[in-house]
Amino acid sequence: MTSTLDAPSTETVALRDPQDYLTPEVWNKEVALLMRDHPFDQSMAERLLGQAVAYLLTAMEPRGQHRELGPGELVDIAVHTLILDTKPYAEFCRRYNQGEYLHHVPEVERKVDGTVARTAEVVAERGFAVDWPLWEADFTKCSPCHPGTDSH
């Protein structure tokens with residue numbers, strides 16, 4: 001009986017860089033807004049913005065699956081910073097959500113159903129590096145995002 005072992009793959013998968021999806025001007029502005037409005041240094045603001053962009057792109061791709069994704073409170077701070085800057089956010093949606101605006105439809109009550117952990121896993125599946133400490137901080141609190149929609 002002869003057996004062969006497959007050689008380990010030397011192919012590496014390139015991770016998607018959230019910074020590639022915003023212009024440098026918009027990236028810098030959003031980081032500055034996070035630092036202005038919250039007690040974040042530049043490093044933390046950039047980490048949060050990167051996770052927010054990765055999350056929003058994940059929520060947009062592919063459309064119509066009603067995956068009920070949602071970030072925890074910490075990552076959501078950066079999501080809100082971006083979506084409240086409506087002109088860059090509208091352009092972001094136009095470019096990456098087939099021209100459709102990704103609405104924000106929060107629920108009043110937070111779901112305690114594993115949404116945040118599941119969302120972080122989907123973000124990783126979509127090719128983004130997950131900054132796990134930023135997501136794990138809210139694994140037990142979960143998300144207030146509306147169930148059954150593609151919205152944030």
Side-chain angles (χ1 to χ4, degrees), residues 13-152:
V13 177
L15 290 174
R16 297 166 73 184
D17 183 350
Q19 210 164 343
D20 291 343
Y21 297 89
L22 298 176
T23 66
E25 295 79 20
V26 171
W27 179 270
N28 292 334
K29 180 182 179 188
E30 302 309 314
V31 167
L33 289 170
L34 281 163
M35 291 172 25
R36 180 194 74 185
D37 295 340
H38 303 281
F40 303 139
D41 63 12
Q42 183 166 346
S43 175
M44 180 59 119
E46 288 181 349
R47 288 173 61 198
L48 286 167
L49 182 59
Q51 295 301 287
V53 169
Y55 160 71
L56 287 168
L57 288 166
T58 297
M60 293 174 177
E61 304 168 350
R63 294 184 42 143
Q65 292 191 0
H66 309 294
R67 294 180 293 174
E68 299 184 21
L69 302 177
E73 292 176 36
L74 188 55
V75 172
D76 209 28
I77 291 169
V79 171
H80 288 173
T81 296
L82 181 56
I83 69 175
L84 289 174
D85 195 356
T86 58
K87 285 185 179 185
Y89 181 63
E91 175 61 18
F92 182 81
C93 290
R94 187 192 66 72
R95 291 186 71 198
Y96 303 113
N97 199 36
Q98 300 173 7
E100 296 288 325
Y101 193 81
L102 181 67
H103 289 279
H104 183 270
V105 186
E107 291 289 304
V108 173
E109 299 297 322
R110 295 192 179 279
K111 299 178 292 192
V112 183
D113 64 355
T115 298
V116 176
R118 188 171 57 253
T119 299
E121 291 169 2
V122 175
V123 168
E125 290 169 7
R126 299 298 300 166
F128 292 101
V130 173
D131 192 335
W132 289 104
L134 299 181
W135 291 84
E136 289 169 350
D138 294 318
F139 272 6
T140 60
K141 295 177 188 171
C142 288
S143 169
C145 294
H146 187 71
T149 67
D150 285 330
S151 63
H152 160 68

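Only a predicted model underlies this, so the values are computations on that prediction, with no experimental measurement involved.
- Side-chain contact, Tyr21 with Arg16: a donor N or O sits under 3.5 Å from an acceptor N or O.
- When side chains are defined from C-beta on, Leu49 does not count as touching Thr81, because their heavy atoms never get closer than 4.5 Å.
- Closest of all the heavy-atom pairs between Ala59 and Leu69 is CA-CD1, 4.0 Å.
- Expressed to the nearest 0.5 Å, how far CD of Glu30 lies from CG of Leu22 amounts to 7.0 Å.
- Of all the heavy atoms in Pro88 and Val26, the pair that sits closest is CB-CG1, 3.9 Å.
- To the nearest 0.5 Å, the span separating OH on Tyr55 from CG on Asp76 amounts to 7.0 Å.
- The OG1 atom of Thr58 sits 6.5 Å away from atom CZ of Arg126, with the distance rounded to the nearest 0.5 Å.
- Considering CZ of Phe92 and CG of Asp85, their distance stands at 12.5 Å, rounded to 0.5 Å.
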If you look only at distance, which donor and acceptor atoms sit under 3.5 Å apart when one is on a side chain in residues 32-45 and the other is two or more places apart or in another chain?
from: Asp41; atom 1: OD1; to: Ser43; atom 2: N; distance (Å): 3.3
from: Asp41; atom 1: OD1; to: Met44; atom 2: N; distance (Å): 2.8
from: Gln42; atom 1: NE2; to: Glu46; atom 2: OE2; distance (Å): 3.0

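- We find the CZ-CZ distance between Phe139 and Arg118 to be 11.5 Å, quoted to the nearest 0.5 Å.
- In this structure, the side chain of Thr119 does not engage the main chain of Pro71 through any donor-acceptor pair within 3.5 Å.
- In this view, Arg94 and Glu91 satisfy the salt bridge (Lys or Arg N to Asp or Glu O under 4.0 Å) rule, not counting sequence neighbours.
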N/O donor to acceptor pairs below 3.5 angstrom from side-chain atoms of residues 127-136, sequence neighbours left out:
from: Asp131; atom 1: OD1; to: Arg47; atom 2: NH2; distance (Å): 2.9
from: Asp131; atom 1: OD2; to: Arg47; atom 2: NE; distance (Å): 2.6
from: Asp131; atom 1: OD2; to: Arg47; atom 2: NH2; distance (Å): 3.2
from: Trp135; atom 1: NE1; to: Gln51; atom 2: OE1; distance (Å): 2.7

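- Using modelled atom types, no side-chain atom of Tyr89 and backbone atom of His80 make a donor-acceptor pair closer than 3.5 Å.
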